[in-house]
Amino acid sequence: MKQSNSNLDSQKNRDTNQENSNNTSQSNFIRQAIDEDLTNNRFDGRVHTRFPPEPSGYLHIGHAKAICISFGIAEDYNGLYNLRFDDSNPITEESEYVEAIKRDVHWLGFDWKEREYYASDYFETLYEYAAKLIEKGKAFVCDLTPDEMKTYRGTLVTPGKDSPYRNRTTEENLTLFQGMRDGEFPDGSRTLRAKIDMSSPNLNMRDPVMYRVLRSHHYRHGDNWCIYPTYDFTHGQSDSIEGVTHSLCDVQFEDHRPLYDWFLESLEIYQPRQIEFARLNLTYTVLGKRKLKILVEDSHVNGWDDPRLPTLAGMRRRGYTPEAIRDFCNRIGVSKADNLIELGQLEYSIRNDLNLRAPRVMAVLNPVKVIIDNYPEKQVEMLDAENNPEDESAGTREIPFSREIYIERDDFMEDPPRKFYRLAPGREVRLKHAYYITCQDVIKDDQTGEIVEIHCTYDPDTKGGWSDDGRRVQGTLHWVSVDQAVDAEVRLYDTLFTEREPENAAEGTDWIQFLNPNSLEILENCKVEPGLLNSESESRYQFLRTGYFCVDSDSTPDKLVFNRTVPLRDSWAKMQKG
RNA sequence: AGGGCGGUGGCCAAGCGGUAAGGCACAGGUCUUUGGCACCUGCAUGCGUAGGUUCGAAUCCUACCCGCCCUGCCA
């Protein structure tokens with residue numbers, strides 16, 4: 001009675017939630033599987049998932065997809081979700097990573113409440129489980145060396161051979177296993193193995209290792225253990241202990257599912273359902289954990305939070321919002337097919353989010369000076385500027401205007417092509433929020449020919465950027481008043497790799513060679529409006545007409561530093577490329 | 001070669017025997033004090049290939065082709 005009620009409840013919740021859900025797509029094969037389990041009352045109407053990172057690196061956008069799937073689905077079904085550190089290999093794991101992972105998952109917007117678990121906290125239970133399998137004759141201590149074991153395992157097409165130690169007695173196995181735990185044997189000398197089937201076509205079933213002897217300091221349990229369980233003997237049992245219903249993971253674990261089920265069935269304990277989905281691949285980047293580690297450790301980038309990295313820490317620093325990342329994950333969907341998502345998809349999500357939220361400001365990245373000859377010297381007037389045309393509640397601000405201003409060097413051409421709607425000799429354009437100006441003269445450096453000053457006149461009757469006589473102008477430029485301008489450094493980013501698929505670009509070549517030498521461009525001499533002087537780290541803006549930017553953590557009041565999150569779409573640039 | 005899983009437009013992805021959703025990208029256009037945003041229009045007689053079943057097939061059957069994963073005491 002109680003069970004069917006909770007089942008009904010979750011069904012109802014699911015129905016009402018799906019419409020308003022901001023999580024993964026309305027229909028996918030995982031949701032269908034869960035729906036089936038719900039109607040069959042397989043887990044008493046419960047939905048309980050988990051995200052199981054190994055604390056051996058930083059989370060990246062691929063993990064974000066996995067988190068959005070596991071946690072997002074649990075949210076939608078009104079279920080629960082755990083954050084569990086899969087820390088059964090002390091060699092690669094560190095506390096720094098668990099802190100970073102927690103920070104990033106929180107930042108993404110998920111709250112696992114008190115359900116923060118560590119597989120290593122189950123070591124004692126796991127040990128008992130292992131002993132139980134020995135007693136059932138389903139596990140044995142093996143003395144084969146790694147090389148020997150490899151030989152005995154056979155190949156993809158030939159069956160393996162039974163280990164000569166496979167038939168030890170239960171008593172002997174128990175004693176030996178206890179001895180392993182007690183430190184009686186050297187590292188690597190013995191393993192505990194499941195007794196399954198050395199001729200199975202699934203290599204994972206050929207008597208897989210459950211425990212290895214390994215004297216390594218565990219970041220969480222110190223030197224309490226000198227034997228550590230393998231992933232296969234840890235993961236499913238951890239899911240079981242936590243009461244997880246749906247264990248969602250990467251397709252690479254599909255081959256492990258028979259083993260996952262075998263352990264749980266042999267142990268006769270609660271059995272969750274593992275469902276696999278395809279991992280994310282993104283163009284112009286790499287998402288492999290070891291590859292990212294190489295980029296960081298070999299200093300190809302500046303740390304795990306380098307804005308060029310697809311790590312969540314890097315993306316955060318770059319200016320990505322958690323909302324945009326979640327939106328991206330929801331848009332790309334979930335399936336089992338190999339995929340390669342175009343970077344443009346991610347860029348769409350961040351532009352879409354920031355367009356509605358980011359205050360507009362004016363910043364000149366590559367300045368050239370404009371002198372308005374008929375504007376009174378030393379006069380400074382404050383002009384009203386709307387903060388966000390997409391959001392009236394964002395209000396307005398005042399910006400200073402004066403006789404000398406900076407405009408973007410690209411916004412002037414001496415000999416413009418057709419359809420160049422900007423400043424040129426004799427042309428009149430609008431300065432955003434200010435006046436119409438007309439170019440009268442250009443002053444160049446005698447030596448280099450570089451334009452050093454552009455002389456213009458303004459029309460005092462066009463204040464605010466309007467003309468009563470209905471006169472139209474060719475274009476609208478952003479600008480910053482010279483005297484009030486604040487200097488800033490702006491970091492422009494391009495893709496980290498030059499190849500769409502760096503890992504598959506050329507057979508037998510090293511992906512590292514496809515690093516983009518121009519992935520970071522630093523502009524030292526940018527001029528931004530004075531209001532930006534006190535902006536806080538991570539605050540995000542739209543620099544009018546150029547892109548979305550955010551204040552970098554390197555920024556100080558003495559030296560502002562901005563990262564370009566993503567440029568605005570630029571149909572003019574596209575036109576020029578042809 | 002053995003096993004597992006995939007193959008729907010340039011990139012994702014719905015679809016579950018009743019005659020190919022949607023998004024990104026792209027191409028036109030409208031609007032515009034951002035060459036942004038928004039809005040409109042266009043974009044698979046086709047669902048890996050070939051057969052078959054059916055009144056009807058992306059969906060069912062058969063064979064074949066292609067791709068990815070698996071021979072760590074990593075996860």
Side-chain angles (χ1 to χ4, degrees), chain A residues 25-28 32 52-54 56 86-89 91-93 142 144-146 149-151 153-160 187-193 200-206 208-214 227-228 230-232 234-235 249-258 276 278 283 289-290 328 330-349 351-352 355-356 360 362 385-386 389-390 419-422 430-434 436 462 464-466 473 475-478 542-548 567-575:
Chain A
S25 51
Q26 48 312 321
S27 175
N28 64 51
Q32 288 178 8
E54 186 197 16
S56 61
D86 219 336
D87 53 359
S88 58
N89 180 7
I91 294 173
T92 55
E93 297 154 3
C142 182
L144 254 25
T145 65
M149 202 180 289
K150 190 172 181 176
T151 307
R153 187 157 36 231
T155 70
L156 293 178
V157 287
T158 61
D187 285 7
S189 62
R190 289 183 217 260
T191 56
L192 182 71
R193 294 224 263 162
S200 172
N202 180 348
L203 297 254
N204 294 122
M205 300 299 269
R206 317 243 264 226
V209 171
M210 296 162 60
Y211 270 92
R212 67 269 208 188
V213 179
L214 183 60
I227 57 172
Y228 290 94
T230 57
Y231 164 84
D232 284 310
T234 306
H235 200 89
C249 65
D250 202 290
V251 285
Q252 71 175 126
F253 294 107
E254 231 161 350
D255 287 344
H256 293 247
R257 182 158 27 116
E276 311 84 8
T283 57
K289 190 186 262 186
R290 353 71 254 133
F328 167 76
N330 297 159
R331 283 171 185 277
I332 60 175
V334 188
S335 75
K336 298 186 72 159
D338 288 341
N339 62 79
L340 179 63
I341 309 293
E342 292 179 341
L343 232 201
Q345 189 82 236
L346 221 201
E347 294 183 335
Y348 174 84
S349 289
R351 287 192 185 108
N352 198 33
N355 176 47
L356 299 174
R360 315 286 120 132
M362 296 203 281
E386 63 181 349
E390 303 290 331
K419 295 197 171 176
F420 179 81
Y421 301 146
R422 305 179 186 184
R430 169 169 42 233
L431 293 177
K432 178 89 175 173
H433 306 309
Y436 287 5
T462 57
W466 289 106
V473 289
T476 302
L477 310 187
H478 59 280
Q542 184 194 102
F543 285 2
L544 220 64
R545 302 209 303 137
T546 57
Y548 294 99
L568 247 32
R569 289 187 58 185
D570 187 350
S571 54
W572 166 243
K574 194 179 287 181
M575 247 173 91

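Letters A, B, ... are given to chains in the order of the sequence lines, protein chains preceding strands, and every chain is numbered from 1.
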[N] versus [M] - spacing of their [atom1] atoms, nearest Å:
N      : M      : atom1 : result
G7(B)  : C40(B) : P     : 32 Å
U19(B) : G29(B) : P     : 36 Å
G51(B) : G10(B) : C1'   : 31 Å
A20(B) : G9(B)  : C1'   : 11 Å
A44(B) : G48(B) : C1'   : 15 Å
C61(B) : U53(B) : P     : 15 Å
C55(B) : A38(B) : P     : 50 Å
U34(B) : G22(B) : C1'   : 29 Å

Would you indicate what [X] reaches in the nucleic acid, counting non-hydrogen atoms under 4.0 angstrom: base, sugar-phosphate, or nothing?
X         : answer
His256(A) : base
His235(A) : nothing
Tyr228(A) : nothing
Thr155(A) : base
Met210(A) : nothing
Ser349(A) : nothing

Any residue meeting side chain to side chain contact (heavy atoms under 4.5 Å, CB included) with [X], in chain and number order, not counting sequence neighbours:
X         : value
Asn202(A) : Ser200(A), Asn204(A), Met205(A), Asp255(A), Pro258(A)
Glu390(A) : Asn355(A), Leu356(A), Arg360(A), Asn388(A)
Thr476(A) : Arg430(A), Lys432(A)
Ala385(A) : Arg397(A), Ile399(A), His433(A)

Please give the nucleotide sitting opposite [N] as a Watson-Crick or G-U wobble pair, both distances under 3.5 Å, or none.
N      : answer
C5(B)  : G67(B)
C60(B) : G52(B)
C37(B) : none
G42(B) : C26(B)

Given [N], is OP1 or OP2 found less than 4.0 Å from the side-chain N or O atoms of [X]?
X         : N      : result
Arg153(A) : G72(B) : yes
Arg212(A) : C74(B) : yes
Lys574(A) : C26(B) : yes

Distance, rounded to the nearest Å, where [X] contributes [atom1] and [N] contributes [atom2]:
X         : N      : atom1 : atom2 : result
Phe328(A) : G22(B) : CZ    : C1'   : 17 Å
Met205(A) : C70(B) : CE    : C1'   : 14 Å
Asn330(A) : C24(B) : CG    : P     : 14 Å
Gln252(A) : C74(B) : CD    : P     : 15 Å
Leu203(A) : G72(B) : CG    : P     : 8 Å
Leu144(A) : G72(B) : CG    : P     : 14 Å
Glu276(A) : C70(B) : CD    : P     : 15 Å
Asp250(A) : C74(B) : CG    : C1'   : 14 Å

(message) Looking only at the aromatic ring of each residue, does the gap between the centers of Tyr421(A) and Trp572(A) stay below 6.0 angstrom?
(response)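 No: the rings miss the under 6.0 Å criterion.
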Name all residues meeting the side-chain hydrogen bond (donor to acceptor under 3.5 Å, both in side chains) criterion together with [X]; count only those two or more places apart in sequence or in a different chain, and write none if there are none.
X         : value
Arg331(A) : Asp327(A)
Arg153(A) : none
Thr283(A) : none
Asp86(A)  : His235(A)

For [X] versus [Y], what's the shortest heavy-atom pair and its separation?
X         : Y         : value
Leu346(A) : Phe328(A) : CA-CD1, 3.6 Å
Gly154(A) : Arg206(A) : C-NH2, 3.8 Å
Tyr548(A) : Arg351(A) : OH-O, 3.9 Å

(request) Using heavy atoms to find the nearest nucleotide of RNA chain B for Gly465(A) and Val157(A) separately, return the residue whose nucleotide is more 5′. (result)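 The residue mapped nearer the 5' terminus is Val157(A).
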(message) Assuming nearest nucleotide by heavy-atom distance, tell me which of Asn204(A) and Lys289(A) is located more 5' along RNA chain B.
(response) Asn204(A)
(message) Applying ring pair (Phe, Tyr, Trp, His ring centres under 6.0 Å), can you list everything that pairs with Tyr211(A), at least two apart in sequence or on another chain?
(response)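 Per chain and number, Tyr211(A) pairs via ring pair (Phe, Tyr, Trp, His ring centres under 6.0 Å) with Phe177(A), Phe233(A).
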Contacts under 3.5 Å, N or O only, protein and nucleotides 5-12 of chain B:
from: G10(B); atom 1: N2; to: Glu342(A); atom 2: OE1; distance (Å): 3.2
from: C11(B); atom 1: O4'; to: Glu342(A); atom 2: OE2; distance (Å): 2.9
from: C11(B); atom 1: O3'; to: Leu340(A); atom 2: O; distance (Å): 3.1
from: C11(B); atom 1: O2'; to: Leu340(A); atom 2: O; distance (Å): 2.7
from: C12(B); atom 1: OP1; to: Leu340(A); atom 2: N; distance (Å): 2.8
from: C12(B); atom 1: O2'; to: Ile332(A); atom 2: O; distance (Å): 2.7

(request) Spell out protein contact along nucleotides 16-21 of chain B as letters: B when the base is contacted, S when just the sugar-phosphate is, - when no protein heavy atom is under 4.0 Å; keep the 5' to 3' order. (result) B-----
(request) Give the B/S/- string for nucleotides 34-44 of chain B, one per nucleotide from 5' to 3', where a protein heavy atom under 4.0 Å of the base yields B, of only the sugar-phosphate yields S, and otherwise -. (result) BBBB-------
(message) Under a 4.0 Å threshold between the charged nitrogen and the carboxylate oxygen, would Glu254(A) count as salt-bridged to Lys336(A)?
(response) yes
(message) Taking the minimum atom-to-atom distance to the side chain of Leu156(A), which one of U71(B), A14(B), A75(B) wins?
(response) U71(B)
(message) Donor-acceptor check, side chain of Thr462(A) to backbone of Tyr436(A), threshold 3.5 angstrom: yes or no?
(response)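 Between the backbone of Tyr436(A) and the side chain of Thr462(A) there is a qualifying donor-acceptor contact (under 3.5 Å).
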(request) Quick one: classify the glycosidic conformation of G72(B) as syn or anti, with syn meaning within 90° of 0. (result)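 G72(B): syn glycosidic orientation.
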